[in-house]
Amino acid sequence: MLQNTNVKSVEHVVIRFSGDSGDGMQLAGNIFSNVSAGEGNQISTFPDYPAEIRAPQGSLSGVSGFQVNLGHAVHTPGDEADVLVAMNPAALKTNLKFLKSNGIIICDSDTFRPADLKKAEYTTDDPIKELGIDRRRVMLVPMTELVKHTLEGSGLDQKAMLKCKNMFALGLICWLFERPLDSVLSKLKAKFAKKPAIYEANAKVIRAGWDCGHNTHSYMPTYRVETESVAPGVYTDVNGNTATAWGLIMASEKSGRPLFLGSYPITPATDILHELAKRKDLGVKACQMEDEIAGVCSAIGASYAGHLAVTSTSGPGLALKSEGIGLAVMAELPLVIIDVQRGGPSTGLPTKTEQTDLMQALYGRNGESPICVLAAVSPTDCFGMAFEAARIAIEHMTPVILLTDAFIANGSSAWRIPDESEFPEIRPPYVSDEQLAEGWRPYKRFGENFVRAWAMPGTKGAMHRVGGLEKDFETSVISNDGANHALMIETRRQKIASIAKDVPNLTIAGDKEADTILVGWGGTYGHLYTAMEELNANGHPVALAQFRYINPMPLNAISDLSRFKRIIVAELNTGQFADYLQMHMPGREILRINKVEGQPFLVKEIVDGVIKYMDEK
């Protein structure tokens with residue numbers, strides 16, 4: 001076989017797969033991403049699902065996309081794609097705006113029939129000309145017919161054959177970017193381990209796609225994506241929901257407490273329930289409850305019984321859980337609440353991303369119910385922050401809300417699987433024999449962190465009640481005394497505030513001597529970091545602070561931010577964190593870059609926003 005000599009080396013490249021929601025674009029993109037991570041590339045992915053459950057086939061509203069950026073120094077899925085795979089005319093039309101002006105397009109030319117063009121709302125019979133695309137950068141491949149020919153005699157009917165078409169596109173992309181087919185086939189074999197005939201069909205189609213690129217598109221360059229030195233270890237790609245589930249399992253191991261998840265399915269958080277339901281081998285109990293309220297209440301009961309208790313949801317479910325969370329605040333029981341934020345309100349854009357639940361997480365409960373709020377900044381960071389949420393919940397005997405979002409929950413990054421020794425032991429504040437001998441009461445405080453002891457049911461001498469009614473500070477019996485109520489409210493507030501002594505300082509990246517600091521929180525980190533690097537490289541000095549610990553904030557946060565003359569908060573809402581920061585920095589003007597379109601930031605949007613503020617006198 002001849003070797004292609006038209007090879008270009010690139011530092012990173014962005015590929016976008018697009019087609020109908022039933023075309024398997026997510027599977028093709030995930031396999032390609034996983035193989036690339038195994039090759040030593042950093043990756044960042046962005047699955048862009050349609051909000052409709054099942055839009056008409058071939059329609060503009062039913063297009064599903066999957067974008068991956070791979071190479072080194074990769075922090076975002078990329079603003080624009082270098083290569084667009086469009087499985088039908090609707091995918092081409094809706095995704096062309098995400099392609100660079102000189103990008104390559106790969107299309108299934110068999111779908112350019114009059115009926116397909118009509119459904120995609122074209123006005124002519126030539127979509128390439130109608131969209132103003134340079135034909136020299138388009139690979140028109142009759143994928144449908146080639147797949148049928150490849151699988152002729154396989155015993156599969158036509159419908160089953162066409163389900164393999166995504167693998168033809170994957171094979172073609174693997175040729176274009178010199179991905180090893182052996183690794184791809186290994187991933188595919190694992191997926192279809194119980195369906196060998198389906199595996200064989202898809203394997204034949206992948207090879208056919210690779211051969212098609214090699215034999216008929218030699219005029220197109222292939223690309224070699226540079227890798228970089230990485231720490232030794234086992235690497236894979238992982239999405240945020242899976243990493244969250246695994247982080248909770250690690251916390252269970254390190255705390256010695258069995259893990260319980262009480263949850264109700266809701267997009268985009270359901271995969272956490274799915275992943276934990278698989279882990280009975282690790283002692284995980286995952287219960288799909290009848291509704292959101294039952295989800296949080298079952299977790300509270302499990303916490304009282306001595307479990308590491310978790311409930312997962314998205315914004316609408318967080319609202320329904322609010323009274324239950326208030327009960328956990330009053331009972332002072334450890335509880336982790338995972339909120340995978342999505343577009344809202346109500347059902348909103350269930351597959352799209354936003355950061356619009358922050359104020360709900362901070363204040364969305366009746367009465368004075370202070371709570372610890374954390375946020376993960378990337379798909380891989382979901383592992384560490386889920387572990388951290390569990391650690392704080394247990395060691396400080398409090399509910400903790402961990403905010404992720406649809407972008408990092410569904411998106412993935414290359415991840416080195418950590419060693420257990422890299423994470424600290426979690427030390428539950430069990431009631432001790434000495435405390436029991438001294439006359440223990442359930443709300444008696446120990447130490448400077450105002451934490452009460454955790455008594456496992458069945459502990460001799462530790463029979464007790466907790467609940468939502470106010471208790472006496474000294475005796476722990478029910479109390480309606482106003483002065484005692486004020487004392488208990490202040491005690492619970494101080495308990496949350498004291499967590500600040502137990503979290504790392506806020507780190508400042510970029511140019512620490514700059515006048516301007518860009519501030520973000522949660523899943524916008526990759527875009528803000530890339531924007532910060534681009535601004536500094538182009539002569540616009542800027543620093544960056546990304547918050548993981550929101551309530552309480554790190555002890556150094558306000559003092560370090562105060563050193564900068566210009567503070568710009570960028571977030572995917574209308575300014576919730578900026579308002580929160582303004583409360584802690586009265587008299588300071590907090591500038592804002594906001595977006596609420598159900599899509600993550602483009603790096604360009606942040607760069608342009610910062611430069612605009614810098615140019616203002």
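Pairs of residues two or more places apart, or lying in two chains, never qualify as ring-ring contact (aromatic ring centres under 6.0 Å, His included) while including a residue from residues 88-142. Within the structure, side chain to side chain donor-acceptor pair (under 3.5 Å) pairs that include any residue of residues 191-208 do not occur (at least two apart or interchain).
Every residue two or more places apart in sequence or in another chain was checked for a side chain to side chain contact (heavy atoms under 4.5 Å, CB included) with S186, and none qualifies. Not counting sequence neighbours, the partners of D608 by the side-chain hydrogen bond (donor to acceptor under 3.5 Å, both in side chains) test are K604. The salt bridge (charged side-chain N to carboxylate O under 4.0 Å, His left out) check on E388 picks up R391, with sequence neighbours excluded. Residues satisfying the side-chain hydrogen bond (donor to acceptor under 3.5 Å, both in side chains) criterion with D134, sequence neighbours excluded, are R136. Applying the salt bridge (charged side-chain N to carboxylate O under 4.0 Å, His left out) rule to E422 yields the partners R416; only residues at least two apart in sequence or on another chain are considered. Residues satisfying the side-chain hydrogen bond (donor to acceptor under 3.5 Å, both in side chains) test with N166, not counting sequence neighbours, are none. Considering only residues two or more places apart in sequence or on other chains, E121 meets the salt bridge (charged side-chain N to carboxylate O under 4.0 Å, His left out) condition with none of them.
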Run the side-chain donor-acceptor check on residues 246-253: report pairs under 3.5 Å with partners two or more places apart or on a different chain.
from, atom 1, to, atom 2, distance (Å)
W246, NE1, E275, OE2, 3.0
S252, OG, R257, O, 2.6

Determine all donor-acceptor pairs shorter than 3.5 Å in which one atom belongs to a side chain in residues 144-151; sequence neighbours excluded.
from, atom 1, to, atom 2, distance (Å)
T144, OG1, D108, OD2, 2.8
T144, OG1, K165, NZ, 3.4
T150, OG1, L146, O, 2.7

Please tabulate, for the side chains in residues 14-33, all donor-acceptor contacts under 3.5 angstrom to protein atoms that are two or more places apart in sequence or on a different chain.
from, atom 1, to, atom 2, distance (Å)
R16, NE, N95, OD1, 2.5
R16, NH1, Q67, OE1, 2.8
R16, NH2, D48, OD2, 3.1
R16, NH2, N95, OD1, 3.2
S18, OG, V85, O, 2.8
D20, OD1, G58, N, 3.1
D20, OD2, G58, N, 2.9
D20, OD2, N88, ND2, 3.4
S21, OG, R54, NH1, 2.9
D23, OD2, D20, N, 2.8
Q26, NE2, S64, OG, 2.7
Q26, NE2, G65, O, 2.9
N30, ND2, Q26, O, 2.9
S33, OG, G29, O, 2.8

